[in-house]
Asks: 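Quick one: this structure, given as structure tokens, is what I'll be asking you about.
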2 protein chains.
Amino acid sequence: MSEIKTLSSPLRISPQPTLKIRKSERTRAAILNAGVEFVWSHPFRDLTVNVLMASTGLSRSAFYQYFKDLQDLMESLLDLLKNEVYAVTGPWFEGTGDPVILLNDSLAGLVDVCYRLGPILRAADDAAATDERYEKVWKQFIEQFDDAITTRIKADQEQGLIPNFDARPVAEALNRLDVFTLLDAFGQHPRKQPEPVYEALSRIWISTLYGSEWLGKRSSDLVRT
Amino acid sequence: MSEIKTLSSPLRISPQPTLKIRKSERTRAAILNAGVEFVWSHPFRDLTVNVLMASTGLSRSAFYQYFKDLQDLMESLLDLLKNEVYAVTGPWFEGTGDPVILLNDSLAGLVDVCYRLGPILRAADDAAATDERYEKVWKQFIEQFDDAITTRIKADQEQGLIPNFDARPVAEALNRLDVFTLLDAFGQHPRKQPEPVYEALSRIWISTLYGSEWLGKRSSDLVRT
DNA sequence: TTTAATTTCTGACATAATGTCAAAATATAC
DNA sequence: GTATATTTTGACATTATGTCAGAAATTAAA
């Protein structure tokens, strides 16, 4: 029906650069891009196969050649998000070095990624309410971090860097603090400023885990606007 | 189609006890109760006007005499939640007395309410992804607390009880910490144990606001199982 | 380049949900 | 018990989903 207004998202999907590029790969990428564009400026609930495919010039039924349903498409978009998030949070989980600085860097990176891809993240969350299968995928994405954070807290507790509380529920709560805060701050237009969000998350994580005496300890001020 | 399996929710709506009870009031209450029962053991996405009304014995179209749509019904259920939450969080916002103890009491009460009504809370959140108008109602419910928490933090900052950081973003983050943590812990079957959730939230709030030296300060151990 | 094989795309169909409305059924007031 | 007002219903128009057989196109082979 109506044209897709596009605030043009920063994410662009291109086919795998093999020698022979099958038409189907280009079409798949085109549909994914149409999805990103739509979801960048419209809520997931307004996405239908109709409006999506209209913006590609293909017929509605062509969609089903490539995706089982809209949640299946969102799963592909979520994969892109995952890579970005993993890249930026890795250091605190595995890394050696000052834990407070590593934590701050991870949080700063996370804020940056979620700022850049906020509306897509938001769609990835909204879609979870619409489909049981996809909901599990989304939950698993979040719960992965429960494990990683718990492990890191326990390790630092053994070092005497973090007080000896029950790590798992605190890890879960801090993880959900991040997810919901970032969704809310960057998942809609206009997005909030990233700096105050980073400041708040950093303050809460560090006060809770390492103690407020470490609040200022940062490697840099790299949070981009 | 299929019968509603009922783990029987603890919330029951009855008509206003005026002298003459109109049939319509009883019907409205019956529909609301059917909604609660459904949502207690099924995700909101599976709720249709059809299945809802089937469980009342009335025709599908009767629904529209009482509610604009399913989100309108959820708004009524949300009102019930609101009252319970307000009752329990009031003390920390307005109250005089030891702020740490009041905060702990509020959190304990909040955990208790959300434990008892978890699946309904969950539905109230899921429904927000399905409708623009209702989404605003839900967001406003959450954002009310942003204001209240910010005010309380600023007040305690003036007293020198809380360090002088930018109150608003921290308030927003702590609020979202609660919402998402409680949704996740109690919004599905089986619900998590309330105690560890309360312990984690209390630790995070108090470490962040008043400092970890106050962590043990409680009025009681009233969190029910 | 032409043709044959394969892949991709499309229109039509069956199904399920929504919301509306005039008419039927029921409740309430007198 | 009857008249009036309220409540309920079944039928309809609309919109979305997912499937499938056949049409169109791409690709591979000669």
Side-chain angles (χ1 to χ4, degrees), chain A residues 1-2 4 15-16 18-35 38-39 42-76 123 126-127 129-135, chain B residues 1-2 4 15-16 18-35 38-39 42-76 123 126-127 129-135:
Chain A
M1 309 292 157
S2 63
I4 295 181
Q16 306 294 0
T18 49
L19 251 48
K20 286 262 71 138
I21 298 175
R22 280 218 149 286
K23 175 111 189 288
S24 62
E25 292 173 46
R26 279 181 290 128
T27 303
R28 197 189 143 87
I31 297 174
L32 281 170
N33 278 317
F38 183 91
V39 124
H42 304 271
F44 178 77
R45 62 172 163 267
D46 291 343
L47 181 61
T48 66
V49 178
N50 228 323
V51 46
L52 177 73
M53 295 307 285
S55 80
T56 67
L58 293 169
S59 76
R60 190 177 66 81
S61 38
F63 173 83
Y64 296 97
Q65 208 76 23
Y66 298 93
F67 303 97
K68 201 184 145 302
D69 48 32
L70 291 170
Q71 290 78 17
D72 188 29
L73 178 143
M74 285 311 303
E75 192 173 342
S76 293
D126 284 349
T130 67
D131 180 73
E132 180 171 7
R133 193 197 54 81
Y134 175 79
E135 184 180 35
Chain B
M1 307 297 155
S2 64
I4 294 180
Q16 306 294 1
T18 51
L19 252 47
K20 287 263 69 140
I21 298 175
R22 279 215 151 290
K23 175 110 190 288
S24 62
E25 292 172 47
R26 278 181 290 128
T27 303
R28 196 188 143 87
I31 297 173
L32 281 169
N33 279 317
F38 184 90
V39 125
H42 303 271
F44 178 78
R45 63 173 163 264
D46 291 343
L47 182 60
T48 68
V49 179
N50 228 321
V51 46
L52 176 72
M53 295 307 285
S55 79
T56 67
L58 292 169
S59 75
R60 190 177 66 82
S61 39
F63 173 84
Y64 296 97
Q65 208 75 22
Y66 298 93
F67 303 96
K68 201 182 146 302
D69 48 31
L70 291 170
Q71 291 78 16
D72 188 30
L73 178 143
M74 284 311 303
E75 192 173 343
S76 294
D126 283 349
T130 67
D131 180 73
E132 179 170 9
R133 193 197 55 79
Y134 175 79
E135 184 180 35

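The structure presented is a predicted model; accordingly, all values stated were derived computationally and were not measured. Letters A, B, ... are given to chains in the order of the sequence lines, protein chains preceding strands, and every chain is numbered from 1.
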Asks: Taking CG from A/Asp69 and P from C/dT15, how many angstroms apart are they, rounded to a whole number?
Replies: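 Distance, rounded to whole Å: 20 Å.
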Asks: Identify the heavy atoms of A/Ser76 and A/Leu32 that sit nearest to each other, and give their distance.
Replies: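 Heavy-atom minimum between the residues: CB-CD2, 3.7 Å.
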Asks: Distance check needed: C/dA17 P versus B/Leu47 CG, whole Å only.
Replies: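 Rounded to the whole Å, the gap is 11 Å.
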Asks: What is the distance, to the nearest angstrom, from the CG atom on A/Asp72 to the P atom on D/dG18?
Replies: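 It works out to 10 Å between those atoms.
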Asks: Scan residues 45-58 of chain B for pairs that pass salt bridge (Lys or Arg N to Asp or Glu O under 4.0 Å), counting only residues two or more places apart or in two chains.
Replies: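 For residues 45-58 of chain B, and leaving out neighbouring residues, the salt bridge (Lys or Arg N to Asp or Glu O under 4.0 Å) pairs sorted by first residue read A/Glu135-B/Arg45.
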Asks: Test of understanding: with salt bridge (charged side-chain N to carboxylate O under 4.0 Å, His left out), list the residues that count as partners of A/Arg60, not counting sequence neighbours.
Replies: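 Per chain and number, A/Arg60 pairs via salt bridge (charged side-chain N to carboxylate O under 4.0 Å, His left out) with no residue.
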Asks: Want to settle it: does B/Val49 or B/Arg26 sit nearer the 5' end of DNA chain C, counting the closest nucleotide to each?
Replies: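 With B/Val49 and B/Arg26 compared, the 5'-side residue is B/Val49.
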Asks: Provide, to the nearest angstrom, the distance between the CD atom belonging to B/Gln71 and the C1' atom belonging to C/dA17.
Replies: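 It is 13 Å, rounded to the nearest whole Å.
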Asks: Would you give a per-nucleotide map of nucleotides 3-10 of chain C, 5' to 3', where B means the base has a protein non-hydrogen atom under 4.0 Å away, S means only the sugar-phosphate does, and - means neither?
Replies: ----SSBB
Asks: Starting from P on C/dG19, measure out to CG on B/Leu52 and report it in whole angstrom.
Replies: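 These atoms are roughly 13 Å apart.
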Asks: Would you compute the distance between atom OH of A/Tyr134 and atom CG of A/Leu73 and round it to the nearest 0.5 angstrom?
Replies: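 Answer rounded to 0.5 Å: 10.0 Å.
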Asks: Might you point out which heavy atoms bring A/Tyr66 and A/Arg28 nearest each other, and give the distance in Å?
Replies: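 Scanning both residues completely, I find the closest heavy atoms to be O-NH1, 3.5 Å.
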Asks: Quickly work out the B/Asp46 CG to C/dA17 P distance and round it to whole Å.
Replies: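 After rounding, the gap between these two atoms is 10 Å.
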Asks: Distance check needed: D/dG18 P versus A/Tyr64 OH, whole Å only.
Replies: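 Answer to the nearest Å: 4 Å.
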Asks: Would you mind reading off the distance between B/Met53 atom CE and C/dA17 atom C1', rounded to a whole angstrom?
Replies: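 Computing the B/Met53:CE to C/dA17:C1' distance gives 15 Å.
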Asks: Of all the heavy-atom pairs spanning B/Met74 and B/Ala127, show the shortest one and how long it is.
Replies: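 Closest heavy-atom pair between B/Met74 and B/Ala127: CG-CB, 3.9 Å.
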